[in-house]
Novice: 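Pasting a structure below so you can have a look.
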Amino acid sequence: MERIHQAVWGMRVTAGFLAVLEVLRDQVRLLGVQFRALGVNVIDQETEKTSLRYVTRTQPGEEVRWEVLVVPEAPVAGGPIPLAWRSRQMLYRPDLHQEDIYRERSWADSHPISPVRCVVDVPFSHGTLAINSPSPYAFSAADLEVVQEAARILSDGFRRLDDLQALECRAQEAEALAKALAASEAQYRSLFAEMGHGFSLNELLFDGAGTPVDLVTLEVNQAFGEMLGEKRLSRVGQPASQFLEPAELEKWVQFFGRLVAKSSAAHFEQFFPVHQKWFHGYAYALNRRQFAVLFEDITDRKRAEDEANLNLSLQQVRNQILQMGEASDWEGVVRTVHRELGSWVKFWFCSIQFIDQQTGTFTYYTTVFAPEDWHLQGKEQLPLPLSLRKVVETGQVLYRRTRAEVEAYKDEVKPEACSVVDVPFQGGTLAMNSIYENAFSARDIQILERFAQVVSEGYQRLMDLKHLAQAQLQLQQAQRLQAVGQLASGIAHNFNNLLQVVVANLDLVAVAESAKKQEYLEEAGTAVMRGAELVRQLMLYAQGGGRAFSPQRLSLKAVVERTISLCRETIGPCFDLEVDLPGDLPQVWGDASQIEQVLLNLYLNARDALDGVQRPNCWIRTTAQMACANLPAATGGAYIQLCISDNGVGMEAAVRERIYEPFFTTKEVGKGTGLGLSTTYGIVQRHGGWIECESTVGVGTRFSVYLPVAMGVADAQDRESAPDLPTGTETIRQTDD
């Protein structure tokens, strides 16, 4: 879009408008919009009728070309083009074969290039920008945004065209006036004096070889003096060499020399520093020596262009600020500030400086150009110099114009820096320096102030990101503390219940008859054993399976069979224990006692799920098979999938999501600690596997435990083949602290 904008403001004559349309066409296509034809429909502002259409099209085997077509006049209310223009709303007809609101299909089917099915009209100041395609629904939302943006720039192009047409019209009037002046001096004087644009009659001065070397202004009108001042009027009749610098004189002599040599005309734009004004001129040759210049003051227009371009540069910085997702992205903002500010002001270095008034230090960021790439250079916690202290205290711009002023503030800058300016913003200053003294104009400092305002926005976002990161860290710490608190609360609750049982039974012992004392002591002992079991499970959970982890090669089938034989009496005869384990299962690497603990927890959970279920056949089924190594949680190698399933009550989704949380249980008080599945989870993870749960309310539950297969040569003697040891009748009590 910037290329289209440049083409618009690069127009010098009205004939250049077709080139603008060609750039618009190429850039729209370059941005990915696949159209068959592009058109600019112009509506007469006074009569409100469609009168002219600029069209570009591509036919097979032909080059792209622009045509100017005259179309029949039609009332504004008669079709989509004036409707879009009047309503200022885009009209998108994605498929004329399906929906032909404006009765365009007959025109579209007989289109001179190819049948048209998809049409878009985007309104702008003078009409509509239109594109079409032979395919239905050819344009995406992104394509429509591109065309709308192009239409907005096209409005500037038509306003520019209007200005050039007016200027050329006035130039033509002036040229006609010049011819009329040769016939009638009186008429010439009257029109010359009253012309609203500046006008001058000039003559080139030649050396003996016939080469132009100087020029002189012979006559000017009143508007000339009003635009350039009385001092310029006093120089009428004087050779320009008396008041122009040699380089400036040579440039103008060559320009006007070529003009008169070819008897031609030319437009030009020039900035006059003395007057701080921009002028657009139209010069044309009268004969081999004389030429006339018609010019107008375009300072306001040029300032508007500069303001638009400056806002575009500032928006580039804002866009980079908005893209910041974390504090480390600040580097991109510094680079963008350096690049965009450098397109407006010539400096040696620029830097962004963050000031910490509490510590009396500052941090600066600047970009340095290396042959490979831009890179960020910065230093932190430097002592605050006198210059920055003054900027902080006053809140005003501080401009050190000369090297002597720089040294007076004892700025820590390179010896080559001869002028430095600091502009304050919220949190610091935006600074730039130059190797020349008095390097920066008032306009340069104004631009720096505009950039400082945007940098202030970036500073605030950077601080917000740092505070957000700190808050997230505090939240994580709070969550960890909350988890620890929840664990401590669960422990306290369970131990309190157990201690109440112990204390109550011991109190009863003190007052009970001898026959009852033994019963109370047994209940107190049972509560103590439950407390010991709670401590053991806590250790298993906290340590991922217990304090001692002694892995070895195991036959999973043997471990399962041994565990089932231990818990058959516990589970009871009401439930069918079905086991279907292949005989060729490979060995796993693990701790037999801990795997038995996993199986026991799962079997007891299955038994509790079947308690009270009224089914003809309640079962707990155990199966095993090899699992694929490409499962989502697998880390490589082979796995055995051990499944323990039941046809019990099942679980709801909300319960299933919390089953591995410590102390979470759906059992009645005193019937479960809520540590069984959390301990199981920790043991399986410690073995390098994982556990999955599938459950449906009223259907049943299946737990799948994945354990990695032990690779390599088998042990000489497996655990299950160990010889029987002699037994005795003694009782051994083990105490573990």
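FYI, side chains are in, hydrogens and waters are out, and symmetry mates aren't considered; it's all heavy atoms of this structure.
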Novice: Using modelled atom types only, decide if a donor and an acceptor are shared between the side chain of Asp329 and the backbone of Glu326 within a distance under 3.5 Å.
Specialist: yes
Novice: Is it the case that Asn319 and Gln315 place a side-chain donor and acceptor less than 3.5 Å from each other?
Specialist: yes
Novice: Just to verify, what does Leu468 make a side chain to side chain contact (heavy atoms under 4.5 Å, CB included) with, not counting sequence neighbours?
Specialist: Gln472
Novice: Kindly give the heavy-atom pair with the smallest separation between Tyr284 and Ala265, and that separation in Å.
Specialist: CB-CB, 3.7 Å
Novice: Could you walk me through whether Val420 and Trp348 pass the side-chain contact (heavy atoms from CB on, under 4.5 Å) test, one step at a time?
Specialist: CA-CA 10 Å; Val420 183; Trp348 186 40; over 6 Å; no
Novice: Can you confirm whether Thr217 sits close enough to Arg235 that some side-chain heavy atom of one is under 4.5 Å from a side-chain heavy atom of the other?
Specialist: no
Novice: Please confirm whether the backbone N or O of Trp278 pairs with a side-chain atom of Thr299, one donor and one acceptor, at under 3.5 Å?
Specialist: yes
Novice: Do side-chain atoms of Asp121 reach the backbone of Leu91 as a donor and acceptor pair under 3.5 angstrom?
Specialist: no
Novice: Check whether Ser419 reaches the backbone of Thr402 with its side chain - one donor and one acceptor, N or O, closer than 3.5 Å.
Specialist: no
Novice: Under the salt bridge (Lys or Arg N to Asp or Glu O under 4.0 Å) rule, collect the residues that match up with Glu405, sequence neighbours excluded.
Specialist: none
Novice: Do side-chain atoms of Ser434 reach the backbone of Tyr436 as a donor and acceptor pair under 3.5 angstrom?
Specialist: yes
Novice: For Glu250, give me all partners under side chain to side chain donor-acceptor pair (under 3.5 Å), at least two apart in sequence or on another chain.
Specialist: Gln254
Novice: Any side-chain heavy atom of Thr359 within less than 4.5 Å of one from Leu384?
Specialist: no
Novice: In this structure, which one of Leu388, Val455, Val392 forms a side-chain contact (heavy atoms from CB on, under 4.5 Å) with Thr429?
Specialist: Leu388
Novice: How far does CD1 of Ile355 sit from OH of Tyr459, to the nearest 0.5 angstrom?
Specialist: 9.5 Å
Novice: Excluding sequence neighbours, so at least two apart, what forms side chain to side chain contact (heavy atoms under 4.5 Å, CB included) with Gln358?
Specialist: Asp356
Novice: With a 6.0 Å cut-off on the ring centroids, do Phe347 and His338 count as close?
Specialist: yes
Novice: Should the heavy atoms of other residues, nucleotides or ligands under 6.0 Å from NZ of Lys251 be counted, would the total exceed 12?
Specialist: yes
Novice: Rounded at 0.5 Å granularity, tell me how far CZ in Arg29 sits from CD in Gln34.
Specialist: 7.0 Å
Novice: Determine, step by step, whether Val454 and Arg450 satisfy the side-chain contact (heavy atoms from CB on, under 4.5 Å) criterion, reporting the C-alpha distance in whole Å, the side-chain angles of both residues, the deciding distance to 0.1 Å, and the verdict.
Specialist: CA-CA 7 Å; Val454 180; Arg450 296 280 295 277; over 6 Å; no
Novice: Go through it in stages, so that I can follow the logic: the residues are Arg318 and Glu340, the test is salt bridge (charged side-chain N to carboxylate O under 4.0 Å, His left out), and I'd like the CA-CA distance, side-chain angles, deciding distance and then a yes or no.
Specialist: CA-CA 11 Å; Arg318 286 192 173 95; Glu340 296 299 330; over 6 Å; no
Novice: Tell me if the CZ atom of Arg12 is crowded by more than 12 foreign heavy atoms within 6.0 Å.
Specialist: yes
Novice: Does anything in residues 393-430 pair up under ring pair (Phe, Tyr, Trp, His ring centres under 6.0 Å), and if so which pairs, sequence neighbours excluded?
Specialist: none
Novice: With sequence neighbours excluded, tell me which residues meet side chain to side chain contact (heavy atoms under 4.5 Å, CB included) with Ala151.
Specialist: Val122, Phe124, Leu129
Novice: Rounded to the nearest 0.5 Å, how far does CG of Asp163 lie from CD of Glu296?
Specialist: 7.5 Å
Novice: Will you find, in the side chains of His126 and Asp162, an N or O donor that is under 3.5 Å from an N or O acceptor?
Specialist: yes
Novice: Is the Trp330 ring parallel, tilted or perpendicular to the Phe354 ring (thresholds 30°, 60°)?
Specialist: tilted
Novice: For a 4.5 angstrom cut-off between non-hydrogen side-chain atoms, does Gln165 reach Phe17?
Specialist: no
Novice: Is a side-chain donor or acceptor of Arg160 paired with a backbone partner of Met11 at a separation under 3.5 angstrom?
Specialist: yes
Novice: Pair Ile131, Val33 - check side-chain contact (heavy atoms from CB on, under 4.5 Å), show working.
Specialist: CA-CA 9 Å; Ile131 58 173; Val33 182; 3.9 Å; yes
Novice: Any non-hydrogen side-chain atom of Glu168 less than 4.5 Å from a side-chain atom of His267?
Specialist: yes
Novice: Ignoring hydrogens, what is the shortest heavy-atom contact between Leu24 and Ala150? Give both atom names and the distance.
Specialist: CD1-O, 4.0 Å
Novice: May I ask you to test the Ile435-Cys418 pair for a side-chain heavy-atom distance under 4.5 Å?
Specialist: no
Novice: Closest approach of Ser155 and Ser125, non-hydrogen atoms and distance?
Specialist: OG-N, 3.1 Å
Novice: Rounded to the nearest 0.5 Å, what separates atom CZ in Phe199 from atom CG in Leu294?
Specialist: 7.0 Å
Novice: Can you find a heavy atom in the side chain of Arg443 that is under 4.5 Å from one in the side chain of Asp306?
Specialist: yes
Novice: Per the side chain to side chain donor-acceptor pair (under 3.5 Å) rule, what does the pair list look like for residues 461-471, sequence neighbours excluded?
Specialist: Gln460-Asp464
Novice: Go through the structure and list residues passing side chain to side chain donor-acceptor pair (under 3.5 Å) with Trp344, not counting sequence neighbours.
Specialist: Ser313
Novice: Quick one: CG on Leu144 to CZ on Phe139, what's the gap to the nearest 0.5 Å?
Specialist: 8.0 Å
Novice: Could you give me the CA-CA distance, side-chain angles and deciding distance for Arg159 and Asp156, then say whether salt bridge (charged side-chain N to carboxylate O under 4.0 Å, His left out) is met?
Specialist: CA-CA 5 Å; Arg159 285 191 285 270; Asp156 295 338; 2.6 Å; yes
Novice: Between Val253 and Leu249, does a side-chain contact (heavy atoms from CB on, under 4.5 Å) hold up when you go through it step by step?
Specialist: CA-CA 6 Å; Val253 167; Leu249 175 66; 3.8 Å; yes
Novice: Show the nearest heavy-atom pair for residues Cys118 and Pro94, with the distance to one decimal.
Specialist: CB-O, 3.4 Å
Novice: Using the side chain to side chain contact (heavy atoms under 4.5 Å, CB included) criterion, which residues pair with Val293? Sequence neighbours excluded.
Specialist: Ser200, Asn202, Phe256, Phe268, Ala283, Phe291, Phe295
Novice: Does Glu407 have any salt bridge (Lys or Arg N to Asp or Glu O under 4.0 Å) partners at least two apart in sequence or in another chain, and if so, which?
Specialist: Arg403
Novice: Who passes salt bridge (Lys or Arg N to Asp or Glu O under 4.0 Å) against Glu305, sequence neighbours left out?
Specialist: Arg301, Lys302
Novice: My understanding is that only residues two or more places apart in sequence, or in another chain, count here; which of them pass salt bridge (Lys or Arg N to Asp or Glu O under 4.0 Å) with Arg400?
Specialist: Asp411, Asp422
Novice: Looking at every heavy atom in both Gly32 and Asp143, which two are closest together, and how far apart are they?
Specialist: O-OD1, 3.9 Å
Novice: What heavy-atom pair brings Asp444 and Met432 nearest, and what distance separates the two atoms?
Specialist: O-CE, 4.1 Å
Novice: Heavy-atom count check: over 12 atoms from other residues, nucleotides or ligands less than 6.0 Å from Gln242 CD?
Specialist: yes
Novice: Is Arg335 paired with Glu331 through a side-chain N to carboxylate O contact shorter than 4.0 Å?
Specialist: yes
Novice: Nearest 0.5 angstrom please: Ser456 OG to Ile352 CD1, how far?
Specialist: 11.0 Å
